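Accompanying notes for the structure given below.
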Protein chains: 2
Amino acid sequence: MTPLKRITIRDVSERAGVSTAAVSYVLNGREGKVSQETASKVRRAASELNYIPDFSARSLAGTRSKLIGVVIPQTEDQKQLLLQNPFYSELVCGIEARLRQSGYHMILSGVDKGEGYLDTSMQRNLDGAIIMGIYQESFYDDLKRVKVPIVLIDSYVNDSYFQTVSIDDEAGGYMATKLLIDNGHTNIALVTGLIRKDGVVEKRFLGYKRALKEAGLFYNSDYVFEHSVSYEYGQEAAAALAAGHPEITAVFATSDLVALGVLRGLSDAGKRVPEDVSVVGFDDIPVARMCNPPLTTVRQNIVARGAMAADRLLKAIEEGEDSVADDPSVARLELAIRQTVQRLMPN
Amino acid sequence: MTPLKRITIRDVSERAGVSTAAVSYVLNGREGKVSQETASKVRRAASELNYIPDFSARSLAGTRSKLIGVVIPQTEDQKQLLLQNPFYSELVCGIEARLRQSGYHMILSGVDKGEGYLDTSMQRNLDGAIIMGIYQESFYDDLKRVKVPIVLIDSYVNDSYFQTVSIDDEAGGYMATKLLIDNGHTNIALVTGLIRKDGVVEKRFLGYKRALKEAGLFYNSDYVFEHSVSYEYGQEAAAALAAGHPEITAVFATSDLVALGVLRGLSDAGKRVPEDVSVVGFDDIPVARMCNPPLTTVRQNIVARGAMAADRLLKAIEEGEDSVADDPSVARLELAIRQTVQRLMPN
DNA sequence: TTGTATGCGTTATCAT
DNA sequence: ATGATAACGCATACAA
């Protein structure tokens, strides 16, 4: 176990018999500035000494930090990351893989209520950030001031400064509802987290309404169960719905997590799925296919979406902000038909 | 949107009419070195200017980087993080919350096969690292050379340099198996990922064998289904088991993920759980209570374990390596009795 | 093409 | 108690 002392650019330059500038040039691909011979001497020396650059120094000297901030929402009690929600873990997987592949590292964190992200981005000299979730206005204003490329996921903030990687949530809501309608259902409940202005949930809700309207069905606000994106709430809503609205034969849950809760709540209330009540979820998180019965849901390739976000960010960083298209990347959506929807027989 | 220029320690010092050294002292709590008046002048100036320290510079100047490396295993194809495994996402939640609370940030990443972590720790001047999963010998050797505190999770590497936060896996395996035996089962299969020397799985396997032996039951290696920690394998193993060993009435799966697969595989083979076959898992990941029927399993408080790991690491960093107890932290284990185990009626 | 010198923001040493 | 000033490791403008 050699104690391992830090090898600096100076060590390399001395060993190679050249200047530190030459080393820096070679190691940063500015090959044009240097002769073939010098280049190879430098490379040899660097590899013999096992040179590892210090990113803090690089960052300080004004170049890239190769650090990306990734922010995900926190649990309601503000105590921990919402990483337990598979949707976010999948996104993070996609992001991390792509970033590392390009030589970047990711600082993953949540942001406490009322706190901003400006401190972190300044402290760490972040090259860019990927933000998931929805925050207050001032949060985004801060972000803009750091002049660093930013990609938003799951947010409909309407500001051309930010890039977004989204899905057509409205279409997804429509697809799910339409599937139920096509199977003969007319009394379709919506179970969902808070419908916030400009949130993904609102779009899905709009899709739900559009499908209803298109089919000539009456939109009944009593059929909307709106509270939080959690298993517990799904369960609760299902109980309420089973007790108070026996005429409901189908549920569209705007998130798989909620849908799983609905499954349980229904089962607790003595309703069978899909015989008595059909259920459609949204996201296609891994458990959707592992639960019992396997959940019919709207699939988005979450990992791919994460990778997409990373790609867009890296492009903006490396090729300049303007190089990027200003239309949002929109990932494709499809139905994952499994076993929680049943055709309603006319009685 | 003010363009936002960087406020340095020098700006603060000028505004306060003191030296940069004084500013540094005050802002780092070395109050003793400075008069009350200077201190308050500095604080005022800093807050008026909205001073945000640059961690790169700090790190370069030789103090702490306040950066912790967190490594988690990757999927089998080496492409993405194993964050889809709720076990790891929970751990990360616990770790991140604690770190941020103490002013640290976390770089989350995987490590490619054959790669080490030495580069990253040097590049980023990490103050410490938390490593999950099992790696080759040389990986740990590298780690030791950076002379930075390290906490291992889920590894039985026997080296006093590393701290560990573990659970009594052997006892867990024993508890699970004993539960089945106490319910009258005698033909108990084990479905598990690869049993690697010194891995957690080996310990659980040992606990399984101990419970068997203690009950005077014969250990039958045909009852051990060993391959990978995945839903798919659980499903596969259950199919094989149902087809080839009708005498088996109970399964201990060394991970909930695998157990969920077993549930499905059993159901596909026409076996009912728990009427025909009882199943016990391990970990108590969130889906365990959400699946159908809810899974009886060995519970470890995963989030708390993550927090524990972070605590130990921070203590080692801030109070010096020697301040830490050299006995590993061992988190408590208990059975989460739900609905997948049934008493076997003597026939 | 190559090398020297300077600055990046912070901490720490050493005079004062 | 306080304030210059020299590192820290790297990139780069400028000089040679």
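A, B, ... follow the sequence lines: proteins, then strands. Residue 1 opens every chain. All values reported here derive from a predicted model rather than from experimental measurement.
- If you check the side chains of A:Asp112 and A:Gln74, you find a donor sitting under 3.5 Å from an acceptor.
- Atom NZ of A:Lys66 and atom P of D:dC10 are 16 Å apart (whole Å).
- Checking the phosphate oxygens (OP1, OP2) of D:dT12, a side-chain nitrogen or oxygen of A:Arg30 falls inside 4.0 Å.
- Atom-to-atom, CZ of B:Arg124 to P of D:dC8 comes out at 22 Å; the value is rounded to the nearest Å.
- We find that CZ of B:Arg10 is positioned 13 Å from C1' of C:dT11, with the value rounded to whole Å.
- Residue contacts shown for A:Val18 are limited to sugar-phosphate atoms, with no base heavy atom under 4.0 Å away.
- Relative to the side chain of B:Thr38, the nucleotides C:dT2, D:dT2, C:dT11 differ in distance, and D:dT2 lies closest.
- Of all the heavy atoms in A:Ala316 and A:Gln163, the pair that sits closest is CB-NE2, 3.4 Å.
- Both B:Gly62 and B:Ala22 lie near DNA chain D, and the one whose nearest nucleotide falls closer to the 5' end is B:Ala22.
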- request: Decide side-chain contact (heavy atoms from CB on, under 4.5 Å) for B:Ile68 and B:Leu126; before the verdict, give the C-alpha distance in whole Å, the side-chain angles of both, and the deciding distance to 0.1 Å.
  value: CA-CA 6 Å; B:Ile68 304 296; B:Leu126 299 183; over 6 Å; no
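- Closest to the B:Asp54 side chain, of the nucleotides D:dG3, C:dT10, C:dC8, is C:dT10.
- Taking side-chain N and O atoms only, A:Ser24 has a distance below 4.0 Å to OP1 or OP2 of D:dA11.
- Each of D:dC10, C:dT10, D:dG9 was ranked by its minimum atom distance to the side chain of B:Thr8; first place goes to C:dT10.
- Taking all atoms of both residues into account, the shortest heavy-atom contact from B:Ser102 to B:Lys66 is O-NZ, 4.1 Å.
- Look at CG on B:Asn125: it is 14 Å from P on C:dT11, rounded to the nearest Å.
- With distances taken from any side-chain atom of A:Ala21 to the nucleotides C:dC8, C:dT4, C:dA12, the minimum falls on C:dT4.
- Regarding contacts with the backbone of C:dG3, a side-chain N or O of A:Ser19 is found under 4.0 angstrom from either OP1 or OP2.
- For D:dT2, the OP1/OP2 oxygens have a side-chain nitrogen or oxygen of B:Ser35 closer than 4.0 Å.
- When the nearest nucleotides of DNA chain D are assigned to B:Thr20 and B:Leu60 by heavy-atom distance, the more 5′-ward of the two goes with B:Thr20.
- Protein atom CD1 of A:Ile9 is 8 Å distant from nucleotide atom C1' of D:dA11, rounded to whole Å.
- Ring geometry, A:Phe139 versus A:Tyr117: the interplanar angle falls from 30° to 60°, so the pair is classed tilted.
- For the residue pair A:His105 and A:Arg100, no side-chain donor N or O sits within less than 3.5 Å of a side-chain acceptor on the partner.
- Taking side-chain N and O atoms only, B:Tyr25 has no distance below 4.0 Å to OP1 or OP2 of C:dT10.
- Rounded to whole Å, atom P of D:dC8 lies 14 Å from atom CD1 of A:Ile7.
- Between C:dT11 and B:Arg58, a contact under 4.0 Å exists linking OP1 or OP2 to a side-chain N or O.
- The side chain of A:Ser56 places no N or O atom within less than 4.0 Å of a non-bridging phosphate oxygen (OP1 or OP2) of D:dC8.
- Within 4.0 Å of A:Tyr51, counting heavy atoms only, lie sugar-phosphate atoms of the nucleic acid but no base atom.
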